[in-house]
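Reminder, nothing fancy here: chain letters follow the sequence lines and each chain counts from 1.
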Protein chains: 2
Amino acid sequence: MSLFDMQYVEKSQKMINKVYEMPGLKTCPIEATFSIIGKRWTVLILREMFRGVKQFNRFHENIEGMTSKMLSLRLRELERNKIISRKIISDHPVRVEYELTELGQKLGPLLLLAASFSMRQLPKVIFKDGKSRNPMELTARS
Amino acid sequence: MSLFDMQYVEKSQKMINKVYEMPGLKTCPIEATFSIIGKRWTVLILREMFRGVKQFNRFHENIEGMTSKMLSLRLRELERNKIISRKIISDHPVRVEYELTELGQKLGPLLLLAASFSMRQLPKVIFKDGKSRNPMELTARS
DNA sequence: CAGCATCCGAATAGATACTG
DNA sequence: CAGTATCTATTCGGATGCTG
């Protein structure tokens, strides 16, 4: 059963409703997550992180249109939110490496599902041949 | 196996990398999805949709701080992106109802996973008692 | 009820240059 | 290499009032 089968889609809707019936809820959990990853450039930086990029100038090269200022800003936000960590490598010359924290790594499934949504549901936007395909093995208990 | 178990988290990282090795890729799939849902207020409107809200003024009441202008703007964007549809009910007086399209409903698993991320990984932000809990039954094939 | 119009300030982001 | 500084342009969004 795929996560995009109607059977599971309906189930996820019911589960979303259950979330907001939970006692002791302080904040909207969807909003909380998007307050971390929802700003411009952030998911693209995370995408590069998941692809193994660690250095400032590599991010800058790989993400078209993003200025060093915005990169610097977003990296600091991610660091503040404990999604990434900044390591100074005492090499010659001194380098800096950014790494996903354990918390940051746990955003992987979410980013993968985001990718999967557009690959499955908007193939004309994503693929040159416009044909849907899916590299994932996400499933849902039925 | 939960989607946040390290075993699956590592797997999702590998799958993200595979996405960007796919031949015929035209756009970044993560970016494509976030260009639809990533703007301010949008996920909150979708949250209300999944909770069954259909009318303009209900959205306006339920989402604190959002002006009618922003609501109107975001509803039109969602409509343009085929996530919702606008139905005019010829009642007396005439009403308008917004509904999730089939495409829009398929965002359910993504929003649920976003909620699950913060409930599981940031319980102190989400719950009054600061204790992690998870209403979901998302699983990953191992 | 379901918006649109206008005005304005704030936040965001781009261009460009510069530094240890 | 890894940023910061400055300046400007644009977008976003809030306040308010209005309409059929």
Trainee: Can you measure A/Leu71 atom CG to C/dA13 atom C1' for me and round it to whole angstrom units?
Mentor: 14 Å

Trainee: What pairs with B/Glu31 under salt bridge (Lys or Arg N to Asp or Glu O under 4.0 Å), at least two apart in sequence or on another chain?
Mentor: none

Trainee: Salt-bridged, A/Glu21 to A/Lys18, with N to O below 4.0 Å?
Mentor: no

Trainee: Please name all residues satisfying salt bridge (Lys or Arg N to Asp or Glu O under 4.0 Å) with B/Lys39, sequence neighbours left out, ordered by chain then number.
Mentor: B/Glu77

Trainee: Tell me, which pairs form a salt bridge (charged side-chain N to carboxylate O under 4.0 Å, His left out) where one or both residues lie in residues 117-131 of chain B, sequence neighbours left out?
Mentor: B/Asp129-B/Arg133

Trainee: Rounding to an integer number of Å, can you tell me how far A/Ile45 CD1 sits from C/dA13 P?
Mentor: 11 Å

Trainee: Quick one, give me the B/S/- string for nucleotides 2-17 of chain D, reading 5' to 3', where B means a protein heavy atom under 4.0 Å from the base and S means that only happens at the primed atoms, P, OP1 or OP2.
Mentor: BBB-BB----SBBB--

Trainee: Over how many whole Å does the gap from B/Glu61 atom CD to C/dC1 atom P extend?
Mentor: 7 Å

Trainee: Rounded to the nearest Å, what distance is computed from the CD1 atom of residue B/Ile84 to the C1' atom of nucleotide C/dA2?
Mentor: 13 Å

Trainee: Return all side-chain donor-acceptor pairs below 3.5 angstrom for residues 94-101 of chain A, not counting sequence neighbours, or 'none' if the list is empty.
Mentor:
unit_1   : atom_1 : unit_2   : atom_2 : d
A/Arg95  : NH1    : A/Glu97  : OE2    : 3.3
A/Arg95  : NH2    : A/Asp91  : OD2    : 3.2
A/Tyr98  : OH     : A/Arg86  : NE     : 3.4
A/Thr101 : OG1    : A/Lys82  : O      : 2.6
A/Thr101 : OG1    : A/Ile83  : O      : 3.1
A/Thr101 : OG1    : A/Leu103 : N      : 3.4
A/Thr101 : OG1    : A/Gly104 : N      : 2.9

Trainee: Starting at atom CD1 of A/Ile63, determine the distance to atom C1' of C/dG14, rounded to an integer number of angstrom.
Mentor: 16 Å

Trainee: For the helix from C/dC1-D/dG20 to C/dG20-D/dC1, what is the angle between the axes at its two ends, each from 5 pairs, rounded to 10°?
Mentor: 50°

Trainee: Whole Å only: how far is the NE2 atom of B/His60 from the C1' atom of C/dC4?
Mentor: 13 Å

Trainee: Within the 4.5 Å heavy-atom criterion, are B/Ile36 and A/Leu122 side-chain neighbours or not?
Mentor: yes

Trainee: Between B/Arg47 and B/Phe59, is NZ or CZ placed under 6.0 angstrom from the six-membered ring centre and within 45° of the ring axis?
Mentor: no

Trainee: Between the main-chain N or O of A/Met66 and the side-chain N or O of A/His60, is there a donor-acceptor pair closer than 3.5 Å?
Mentor: yes

